[in-house]
Amino acid sequence: MSFLFGAIAKPSLASNINTNSGFYKSARTRQAYINLTDEQRAELDSMNTNNNKWLTIKEVKDHGRYSLPIVQGQSYLYPFMDDRNNNGMVGENETETPQSPAGTENTDQVNDQEVIEEVTDEEIENLEEDLNSNQETEENPSSNQETEENPVASQIPSDYLDRLEESLKNAKTTIAGAEILVKNMPKFSTQNGEIINNLIEKQNQIIARAEKLLVANGREVIID
């Protein structure tokens, strides 16, 4: 049997459910997790090394059994991964990223799923709310409340800002890869123009939001 996409088996009786699994604890994936066979649940949990609610591209690649992209309806892994552009595939950038010239190392390979794993939209939105709230406080300070020079920065750990910087870098790399793809593979780009445009738009949103948060927290940002 080929493991290119991973066989979708009929679910067995859920006699051995791992209630500590991140996929069981998440309302988003619980039913899909229950519907798997015992063997699939065991394999899935072993792949999910940090036991969170997402299976990442890196975890799939490290497992070494399944080839990318992971396709909706063809792989039981799909419901547990994050399809950012809702095109029914996860990890398509891993196979479509243009190759580096011979003799050079491709250090700009896009790994869109890892951006998601590092900093989620929800996390960015929460930080933006904190930033906006802080700006309102500075504009209308309470007589009983002392204002700090940069209270937002004091609320965000430096390691998180490091992750945000990495997400910013990855978003720019994704856009650069998409632009190369459009230039070097015009037929593919024409057929998948909407997907590529949505990907670029999403990355530009990440860049704008990340730069705003980083600048507000005293990090130097190079504006392209």
Side-chain angles (χ1 to χ4, degrees), residues 26 28-29 52-59 68-70 72 78-98 106-136 138 150-153 155-185 188-224:
S26 171
R28 183 187 68 86
T29 56
N52 66 0
K53 64 180 181 179
W54 296 109
L55 184 67
T56 68
I57 285 176
K58 183 178 185 303
E59 287 170 332
L68 297 172
I70 300 301
Q72 185 177 23
Y78 177 84
F80 308 96
M81 302 187 73
D82 193 347
D83 184 1
R84 292 193 73 190
N85 50 23
N86 295 316
N87 69 341
M89 293 185 293
V90 178
E92 62 270 31
N93 290 330
E94 295 292 320
T95 58
E96 298 296 344
T97 302
N106 185 0
T107 58
D108 294 329
Q109 186 174 13
V110 176
N111 193 339
D112 196 40
Q113 180 68 28
E114 293 309 304
V115 176
I116 288 270
E117 183 67 14
E118 284 298 311
V119 182
T120 66
D121 284 344
E122 183 179 358
E123 288 178 302
I124 292 178
E125 288 173 2
N126 289 339
L127 288 176
E128 286 176 329
E129 289 178 3
D130 290 341
L131 176 60
N132 292 335
S133 175
N134 177 66
Q135 289 175 337
E136 291 174 1
E138 289 181 344
N150 194 354
V152 174
Q155 297 173 9
I156 302 179
S158 61
D159 62 335
Y160 184 91
L161 293 175
D162 292 340
R163 291 165 55 205
L164 197 59
E165 287 180 336
E166 186 65 20
S167 293
L168 176 62
K169 176 183 175 182
N170 288 343
K172 291 181 178 180
T173 298
T174 298
I175 292 176
E179 291 174 346
I180 294 174
L181 190 66
V182 170
K183 180 179 179 180
N184 294 344
M185 302 178 66
F188 175 87
S189 301
T190 299
Q191 294 172 343
N192 298 274
E194 183 177 357
I195 294 174
I196 295 173
N197 288 336
N198 288 340
L199 177 64
I200 292 176
E201 180 181 358
K202 182 65 175 180
Q203 301 310 305
N204 278 325
Q205 291 174 0
I206 291 176
I207 290 171
R209 298 163 75 184
E211 286 179 343
K212 179 180 179 181
L213 289 167
L214 288 168
V215 170
N217 285 273
R219 291 292 180 101
E220 183 179 356
V221 174
I222 300 176
I223 307 297
D224 296 334

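Taking CZ of R163 as the reference point, atom CG of N170 lies at 12.5 Å (rounded to 0.5 Å). Distance CD/E59 to CE/M81: 8.5 Å, rounded to 0.5 Å. Rounded to the nearest 0.5 Å, atoms CG (N93) and CZ (R84) are 10.0 Å apart. For the atom pair L164 CG and N217 CG, the distance stands at 8.5 Å (nearest 0.5 Å). Rounding to the nearest 0.5 angstrom, the gap separating the CG atom in L213 from the CD atom in E165 is 12.0 Å.
Remark: I195 engages N85, N87, N192 in a side-chain contact (heavy atoms from CB on, under 4.5 Å) (not counting sequence neighbours). Residues forming a side-chain contact (heavy atoms from CB on, under 4.5 Å) with Q205 (at least two apart in sequence, or on another chain): E201, K202.
When the options D82, V90, I70 are evaluated for a side-chain contact (heavy atoms from CB on, under 4.5 Å) with I57, the one that passes is V90.
For P69 against G91, the heavy-atom pair with the smallest separation is CB-C, 4.0 Å. Nearest approach of G88 to D83, heavy atoms of both residues: N-OD2, 2.7 Å.
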Evaluation steps, side-chain contact (heavy atoms from CB on, under 4.5 Å), between L199 and Q203
CA-CA 6 Å; L199 177 64; Q203 301 310 305; 3.7 Å; yes

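Between I207 and I175, some side-chain heavy-atom pair lies under the 4.5 Å cut-off.
A donor-acceptor pair is defined here as one N or O able to donate and one able to accept, closer than 3.5 Å; such a pair exists between the side chain of R28 and the backbone of P79.
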